[in-house]
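Below you'll find the structure, written out as structure tokens, and then a few comments.
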Protein chains: 2
Amino acid sequence: MTNQGGRREGAGRPKGSNQYGEPTRPVRLPVSQVERVLRFVREREHELPLYACGVSAGFPSPADDYSEGTLDLNTHLVRQPAATFFARARGDSMIGAGIHDGDLLVVDRSLTAEDGKVVVVSINGELTVKRMRREKGVTWLVPENSDYPPIQFQEQDEAHLWGVVTNVIHSL
Amino acid sequence: MTNQGGRREGAGRPKGSNQYGEPTRPVRLPVSQVERVLRFVREREHELPLYACGVSAGFPSPADDYSEGTLDLNTHLVRQPAATFFARARGDSMIGAGIHDGDLLVVDRSLTAEDGKVVVVSINGELTVKRMRREKGVTWLVPENSDYPPIQFQEQDEAHLWGVVTNVIHSL
DNA sequence: TTCTTGAAATATGTAACAGAATTCAAAAAG
DNA sequence: CTTTTTGAATTCTGTTACATATTTCAAGAA
């Protein structure tokens with residue numbers, strides 16, 4: 001009866017047919033994080049669909065394919081985690097650059113502050129946001145609001161460059 | 001000589017003194033993700049410091065305490081992962097709401113589109129962004145740019161509400 | 001031809017283990 | 001008496017090992 005045994009090519013569950021399509025190994029994690037990590041790795045909960053506006057691409061549906069693929073905010077906005085921080089903007093001195101009161105700024109300290117970049121500087125212990133202009137060897141911090149005057153910038157004890165603003169996050 | 005044996009209260013490594021301060025357990029993960037996940041749970045690489053601009057709070061330093069704590073972009077911007085998607089804005093019809101050409105929009109489908117909310121709608125297979133106005137039982141989609149006219153909105157085959165814009169992400 | 005069944009092979013969650021790390025107190029040294 | 005060294009106790013930690021589940025192929029039954 002039992003003539004079904006013996007070594008047979010291709011029998012059994014295929015190698016590499018696990019849910020990840022690659023080898024796995026056990027890693028010890030804190031119990032409170034296990035569920036979150038598994039969602040992170042298995043369902044890629046943080047990668048959300050990205051659509052394009054103003055482009056006629058059939059009738060898009062979140063359940064269907066994503067016209068522009070998926071996006072992870074942290075990966076997309078934070079290129080250098082160790083050198084990145086956030087700053088909460090105050091006032092309307094940079095309204096011309098699209099920075100409103102209360103906006104969240106993504107600041108990268110590893111970028112070089114070239115002419116024309118929007119930078120975060122500390123002056124007298126306060127963080128402030130301005131556009132940097134280099135002109136004839138002089139560095140200016142220029143607000144994008146005609147109500148405010150440009151100020152000259154010299155790296156010293158009371159004035160220090162913190163980083164370059166890469167993104168502005170505005171809540172509606 | 002060896003009179004140091006036997007059960008002794010308090011001897012040995014203290015219970016709960018592991019790096020997480022809570023019990024751990026082994027979890028099987030794909031090898032390519034192990035390193036990333038360990039950085040995620042151990043160093044909380046995704047939680048970055050948040051500072052306040054325009055507030056004199058001493059001399060802030062990324063190495064010191066963070067005046068405003070830390071922030072995780074995904075957690076902060078995406079409240080309902082299953083109901084959230086991103087949309088790439090095109091054109092300048094919503095410039096008045098701070099939405100520029102190329103901006104990334106965070107859209108929540110679980111929010112109700114009340115009067116005054118900025119919404120994403122599909123019209124003739126195209127996704128578009130407008131401010132919703134309800135007036136005497138009529139729903140209008142109003143651009144925030146006087147060069148464009150408001151259009152009347154009726155939920156039907158060719159016009160469908162996709163969600164409410166919660167955040168605008170602008171690159172500099 | 002189609003359905004059922006048995007064995008094979010891998011996936012998967014977790015117990016278990018070996019070595020490292022840490023703590024207390026006895027014993028030794030100064 | 002004070003300080004340093006040493007040994008055992010206890011837990012942490014990364015990984016191995018294993019029991020069970022799952023999936024596949026093909027023989028046998030219908």
Side-chain angles (χ1 to χ4, degrees), chain A residues 1-49 61-66 69-75 78-85, chain B residues 1-49 61-66 69-75 78-85:
Chain A
M1 298 304 156
T2 66
N3 190 20
Q4 303 165 346
R7 172 171 278 275
R8 238 182 315 116
E9 203 62 29
R13 203 162 166 171
K15 219 163 192 168
S17 69
N18 64 352
Q19 59 183 315
Y20 304 115
E22 66 171 301
T24 64
R25 76 180 180 84
V27 171
R28 197 176 279 276
L29 297 178
V31 288
S32 72
Q33 303 264 359
V34 167
E35 208 180 335
R36 184 181 176 191
V37 166
L38 288 181
R39 271 206 310 274
F40 184 89
V41 174
R42 292 223 255 257
E43 298 156 37
R44 297 177 169 275
E45 187 187 61
H46 53 298
E47 295 186 10
L48 301 177
S61 160
D64 294 351
D65 303 316
Y66 310 131
T70 62
L71 198 67
D72 172 8
L73 276 186
N74 280 332
T75 311
V78 182
R79 298 297 165 86
Q80 307 273 353
T84 300
F85 65 93
Chain B
M1 301 309 144
T2 64
N3 191 18
Q4 303 164 348
R7 171 171 281 273
R8 236 183 316 116
E9 203 62 28
R13 206 162 165 170
K15 219 164 193 167
S17 68
N18 63 353
Q19 58 183 314
Y20 303 115
E22 65 169 303
T24 63
R25 75 179 180 83
V27 172
R28 198 177 279 276
L29 297 178
V31 287
S32 72
Q33 304 264 358
V34 167
E35 207 181 335
R36 185 181 175 192
V37 166
L38 287 182
R39 271 205 310 273
F40 185 88
V41 288
R42 290 223 257 256
E43 298 156 37
R44 298 178 169 275
E45 187 187 62
H46 54 298
E47 295 186 9
L48 301 178
S61 161
D64 294 350
D65 302 316
Y66 310 132
T70 62
L71 199 65
D72 172 8
L73 276 187
N74 280 333
T75 312
V78 182
R79 300 297 166 86
Q80 306 274 354
T84 300
F85 64 92

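Lettering of chains follows the sequences in order, A, B, ..., and the numbering in each one begins at 1.
Along DNA chain D, the nucleotide nearest to B:Tyr20 and the one nearest to A:Arg13 differ in position, and the one closer to the 5' end is contacted by B:Tyr20.
Rounded to a whole Å, the NZ atom of A:Lys15 is 9 Å from the C1' atom of C:dA9. Counting to the nearest Å, the C1' atom of D:dG14 and the CG atom of B:Leu29 are 13 Å from each other.
Shown here are the side-chain hydrogen bond (donor to acceptor under 3.5 Å, both in side chains) partners of B:Ser17, two or more places apart in sequence or in another chain: there are none. Listed by chain and number, the residues in a side-chain hydrogen bond (donor to acceptor under 3.5 Å, both in side chains) with A:Thr84 amount to none (sequence neighbours excluded).
Comparing atom distances between the A:Pro14 side chain and each of D:dT23, C:dT10, C:dT22 picks out D:dT23 as nearest.
A rotation axis mapping the C1' atoms of four pairs onto the next four is fitted at both ends of the helix from C:dT1-D:dA30 to C:dG30-D:dC1 over five pairs, and the angle between these axes is 10° to 10 degrees.
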Could you run down the sub-3.5 Å N/O contacts of the protein with nucleotides 14-17 of chain C?
unit_1, atom_1, unit_2, atom_2, d
C:dT14, OP2, B:Arg25, NH1, 2.8
C:dA16, N6, A:Arg28, NH2, 3.3

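A sub-4.0 Å separation between OP1 or OP2 of D:dC12 and a side-chain N or O of B:Gln19 is absent. Contact annotation: B:Asn18 side-chain N/O to D:dT13 OP1/OP2 distance is under 4.0 Å.
Note: A:Gln80 CD to B:Leu48 CG = 12.0 Å, rounded to the nearest 0.5 Å. Interatomic distance, CZ of B:Arg13 versus CG of B:Asn18, reported as 8.5 Å (0.5 Å rounding).
A:Asp72 approaches A:Thr75 most closely through the heavy-atom pair OD2-OG1, 2.7 Å.
Of the residues in residues 37-44 of chain B, none has a non-hydrogen atom less than 4.0 angstrom from any atom of DNA chain C.
Residue contacts shown for A:Ser17 are limited to sugar-phosphate atoms, with no base heavy atom under 4.0 Å away.
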Let me have the donor-acceptor pairs involving side chains of residues 29-44 of chain B, under 3.5 Å, with sequence neighbours excluded, atom names and distances please.
unit_1, atom_1, unit_2, atom_2, d
B:Ser32, OG, A:Glu22, OE1, 3.3
B:Ser32, OG, A:Glu22, OE2, 2.7
B:Arg39, NE, B:Glu45, OE2, 3.0
B:Arg42, NH1, B:Tyr20, OH, 3.3
B:Arg44, NH1, B:Glu47, OE2, 3.1

